[in-house]
Number of protein chains: 2
Amino acid sequence: MLFRAKGFDAVSMDEVAKGAGVGPGTLYRHFTTKESLYDAVLEAWAEKVNTAVDQALSLDAPAREQLLKWLTDFAAMLTEHKGAAARITAALGDPGSPFAAKCQTYLGANQRVIDALDSALRPGVEAMQISRLVGGVAAVADNSDLPADSVASMLSIIVDGLLAA
Amino acid sequence: MLFRAKGFDAVSMDEVAKGAGVGPGTLYRHFTTKESLYDAVLEAWAEKVNTAVDQALSLDAPAREQLLKWLTDFAAMLTEHKGAAARITAALGDPGSPFAAKCQTYLGANQRVIDALDSALRPGVEAMQISRLVGGVAAVADNSDLPADSVASMLSIIVDGLLAA
DNA sequence: ACCTGAACACCGTTCAAGT
DNA sequence: ACCTGAACACCGTTCAAGT
């Protein structure tokens, strides 16, 4: 879709309307705002999250590797759509945001990881902290078009910080 | 100044012009773009960075505490102006950005910290990595208006990841 | 009922016209 | 030479008018 290629901010509602063969007014009868349209665009993609958690946790490897795999996938999924990472991360604490459902999915996924890895982790880590840390890295990677290995090296630092001392 | 209170995006060039008692055209004779005006606004504030490094490094405390103090100050300074953290962090790899000078200051400051703490740190850490990690946290904190202790707990995780295993 | 597309409010930026 | 402010291009969003 348009948003994936050019990014949320670079696609105007007129373009979307034209692409869909309708007037801009019709768009607004289906979606109250541009962000809620974007939320709908991200619908299917958000479902991949839990699959990624399953994969990472079923890895026959130490906690450090499982965690790194999950966070790498997480960051990659956030970066898949330009502009999504910053928006979703900003919405993490805001129940009124159009992305609220997506945020719950993410927080839930990170909670599952915390529950599974449990004793290997630093005591007291919260799903919200992980979500924000990785969301922040993803947003930076998105803004600066960072290569995968730059992202990996930053995530590696975070992973070490998340493991029990 | 206006930018500090309301944030970069919430202040229009017309407002700035009116506040300065000139027409918008005059503003553009002094600054080629809105971002370069913002860069000028941030001028004095950027000089605080090296002072903050000095203070942190002169602390009579273990490396962990010195690092945490510096990163906390760093993040606080980035969050001081709404919208600055994301912009400066995004500009870190872009020499053509209006914020390029500021980025050099930041990178230099983090390099000084790396040189000073040296053996206490994980081998191979780069100033760019620290700048982006903390810039990402600051941007998230800025977007979501996070309280200081939320920021502190995230920085603490990063600090642990930055220390030698 | 449903859709259209002109119109609105608001940007950053420019430039012909004034002094 | 320097400044002004109307004008331009482009947004997201609305709504009177058509079918």
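The sequence lines fix the lettering, A, B, ..., with proteins before strands; numbering per chain opens at 1. The structure displayed is predicted, hence computed values, not measured ones.
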Kindly write out the residues that satisfy side chain to side chain donor-acceptor pair (under 3.5 Å) with A/D145, not counting sequence neighbours, or none if the list is empty.
none

Position toward the 5' end of DNA chain D (nearest nucleotide), B/G21 or A/T32:
B/G21

Phosphate-side-chain proximity, A/Y28 and D/dT13, N/O vs OP1/OP2 below 4.0 Å
yes

Length of the line joining A/D9:CG and C/dC11:P, which is rounded to integer Å
17 Å

Take the protein atom CG of B/L27 and the nucleotide atom P of C/dT14, then report the distance between them rounded to whole Å.
12 Å

Who pairs with A/N110 by side chain to side chain donor-acceptor pair (under 3.5 Å), at least two apart in sequence or on another chain?
A/W70, A/S131

With rounding to the closest Å, how many angstrom separate the P atoms on D/dT14 and C/dA1?
22 Å

Figure out the NZ/C1' separation between B/K34 and C/dT14, and round it to whole Å.
17 Å

A/E35 atom CD is separated from D/dG12 atom C1', nearest whole Å, by 12 Å

Is any NZ, NE, NH1 or NH2 atom of the basic residue among A/D73 and A/K48 found under 4.0 Å from an Asp or Glu carboxylate oxygen of the other?
no

How would DNA chain D look in dot-bracket form, 5' to 3', counting Watson-Crick and G-U wobble pairs with both distances under 3.5 Å and writing | for bases paired to another strand?
||.|||||...|||||.||

To the nearest angstrom, the CE-P distance between B/M13 and D/dA9 comes to 20 Å

Starting at CG of B/L37 and ending at P of C/dG12, how long is that distance when rounded to a whole Å?
11 Å

Show the atom names and distances, to 0.1 Å, of all donor-acceptor pairs under 3.5 Å that link a side chain in residues 11-26 of chain A to residues at least two apart or in another chain.
unit_1: A/S12; atom_1: OG; unit_2: A/E15; atom_2: N; d: 3.2
unit_1: A/E15; atom_1: OE1; unit_2: A/K6; atom_2: NZ; d: 3.2
unit_1: A/E15; atom_1: OE2; unit_2: A/S12; atom_2: N; d: 3.2

Atom CD of B/E15 and atom P of C/dC11: how far apart are they, to the nearest Å?
7 Å

Please confirm whether A/F31 and A/Y38 have ring centers closer than 6.0 angstrom.
no

Within the structure shown, what part of the strands sits under 4.0 Å from A/T26 by heavy-atom distance: base, sugar-phosphate, or nothing?
base

Given C/dT13, C/dC11, D/dT14, identify the nucleotide with an atom nearest to the side chain of B/S12.
C/dC11

Quick one: side chain to side chain donor-acceptor pair (under 3.5 Å) partners of B/E47, sequence neighbours excluded?
none

Tell me the interatomic distance from B/D14, atom CG, to D/dA7, atom P, rounded to whole angstroms.
14 Å

Could you tell me which residues satisfy side chain to side chain donor-acceptor pair (under 3.5 Å) with B/R87, sequence neighbours excluded, listed by chain and number?
B/D9, B/E35

Taking the same atom, P, in D/dT13 and in C/dC2, what whole-Å distance lies between them?
22 Å

Taking the side chain of B/T33 as heavy atoms from C-beta outward, which of C/dT13, D/dG12, C/dA6 is closest to it?
C/dT13

